[in-house]
Amino acid sequence: MNTSLYQNAVVERSRHPRFAGHPAVFDLHGRGANPLCGDAVDVFVTREGMHVAHESHGCAIMTASADLMAGAVAGKSPEEIAALRRSFETTVKTGRENPELGELNALAGVSEFASRIRCATLPWSALAEALDHG
Amino acid sequence: MVGETMSATLQHIDIAAIREDFPILSQQVHGKTFVYLDSGASAQKPRQVIDAMSYVMEAQYANVHRGLHYMSEKTSDAYEVVRDKVAAFINAGSRDEIVFTRNATESINLVAYTYGRTVLKPGDAVAVSQMEHHANLVPWQMLRDAHGTELRIIKITDSGEIDFNSMEEVFADGKVKLLAITQMSNVLGSYTPVERLAKFAHERGAKILLDGSQAIVHRKVDVQAIDADFYVFSGHKLYGPTGIGVLYAKAELLEAMPPFLGGGDMIASVSYEKSTWAKPPHRFEAGTPAIIETIGLGAAIDYVQGIGFEAIAAHEQVLTEHALATLDNIEGLRIIGRAQDRGGVISFVMKDVHAHDIATLLDRQGIAVRAGQHCAEPLMGRLGVTSTARASFGVYTLPEEIDALAAGLQRIRKIFA
Ligand SMILES: Cc1ncc(COP(=O)(O)O)c(C=O)c1O
């Protein structure tokens, strides 16, 4: 079976996320929800050092994407994050990996599953919401 | 259609011959044999339906009820014959009790909008169960908000059956005037005891509307034996085309109902000031109907009657028992819904694997299942899950396809182990 998307990084990060949790103290909060499937992700941002934690209630793709995102944005500025989000969205839509995305390339395979691209991008909209409106 | 050959497991039905009738089933998906286990969402179409619809467009088409010319008369006949077919199919007392709509959803909305806003009075209550499709919940919420009726929810048991204690409570004060309830859950696969429900409602002065969307595909329905006041279904789940649905209602109910939509075909006479309504069923069929689709539905009914409901039900039972036994053997898999009387719609969840990941990974193996909330979001909450995966069967489903599903699920379990 073609399971390239569900390679180890995605399954591993969804089963054992490194940045999961609801911190007691944080500066900004954003939420992404997909009414079609009921999946939802909350992100909590500590501005100092751009630490992101997430609480994911959803599929492996969404959870892994949230966790990989939290790792990728650590220490970055909001402008750098906005640029990274654009590159990431291009990659999950086209399937073309991009060296600047590092670990996030693990989700490039989602491009083959049109109905699942939203799962990968949802945490990024939640983070954008946090950074824009917090 | 039912030939002499007997498959080892399915003595009731010549499944190989049936599969030949469905052109789409011989396709490959992602390079794999196509295994279609999503008939509960919409069924595939047999050649007979496809041909009937092509024939109308190629050889026998004009608008209906309007032309004095040959083609219009021929087409009107072909269209109206389907009304007789549907009436016979569900044993309606008369052809005039059959209203054509777009789908089950529209049929329910029609009842909510017309019967609901006239016969039902503010303060009357409509009762639905916890396991309704949104199609049989939202129209009653809209009626409540527009007209001041109450909406009450009948509980289901943990196994997925109607809780008759809850029924007693909901009906206790005599305010319930309409029980709108499914004949088969599109999530749990449970059949409801429709005769008992109808008797229960009638004894308490309420009418009953049955959502037959799922049940009509698997069981012989006799609206008079059930004593249903309203019965709705969609053509597309019954191997017919999309765009055509049915509302059955007892003649005296239809007679008292005002029109739903206004326009051509539904009037008796029109002046600039006012119009009078045509008699049922035409009163409820404004505008040019889905002529081609209706004729397709007629072909679909001929098709399932050619196989026969005895054979269809026996086949479904074999498949369902096989599926329950096979899926129960998969570690970490939990079947949602354990009703005594249940059919070929099976929802399940797997430990540590989200339903959407199941569906995507099965799809890559050529296996189509549905995942999500199945248009029954409140039911998901009642069941304590956010979503489920669902396999549903049709007349063409093979036991081997259930085995393929099980093998696919085992592979998924390994990926997430
Ligand atoms: C039980 C039930 N009711 C109603 C519907 C609505 O059918 P349609 O979308 O064809 O109107 C469905 C279809 O999913 C169903 O399964």
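Since the structure is predicted, the reported quantities are computational estimates derived from the model, not experimental observations. Here is the naming used below: chain letters follow the sequence lines, and residue numbers restart at 1 for every chain.
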(request) Please list all pairs passing the salt bridge (charged side-chain N to carboxylate O under 4.0 Å, His left out) test where one or both residues lie in residues 347-363 of chain B, with sequence neighbours left out. (result) A:Arg15-B:Asp352, A:Arg116-B:Asp357
(request) Look up atom CG in A:Asn34 and atom NE2 in B:His356, then write down how far apart they are to the nearest 0.5 Å. (result) 8.0 Å
(message) Taking side chain as everything from C-beta outward and backbone as N, CA, C, O, which of these in B:Thr386 sits under 4.5 Å from a heavy atom of chain A? Side chain, backbone, both or neither.
(response) backbone
(message) Atom CD of residue position A:Glu48 - does it have more than 12 heavy atoms of other residues, nucleotides or ligands inside 6.0 Å?
(response) no
(request) Pick one of side chain, backbone, both or neither for B:Ala359, based on which atoms fall under 4.5 Å of a heavy atom in chain A. (result) neither
(request) Determine, for A:Tyr6 and B:Arg364, whether the Lys NZ or Arg CZ falls below 6.0 Å from the six-membered ring centre while staying within 45 degrees of the axis. (result) no
(request) For residues A:Val11 and B:Ile415, report the shortest heavy-atom separation together with the two atoms involved. (result) CG1-O, 3.4 Å
(request) State whether the number of non-hydrogen atoms from other residues, nucleotides or ligands found under 6.0 Å of B:Tyr113 atom OH is greater than 12. (result) no
(request) Look at atom CZ of B:Arg144 and say whether more than 12 heavy atoms of other residues, nucleotides or ligands are closer to it than 6.0 Å. (result) yes
(request) Return yes when atom CE of A:Met50 has more than 12 non-hydrogen atoms of other residues, nucleotides or ligands closer than 6.0 Å, and no otherwise. (result) yes
(message) So A:Ile61 and B:His354, do their side chains get closer than 4.5 Å, heavy atoms only?
(response) no
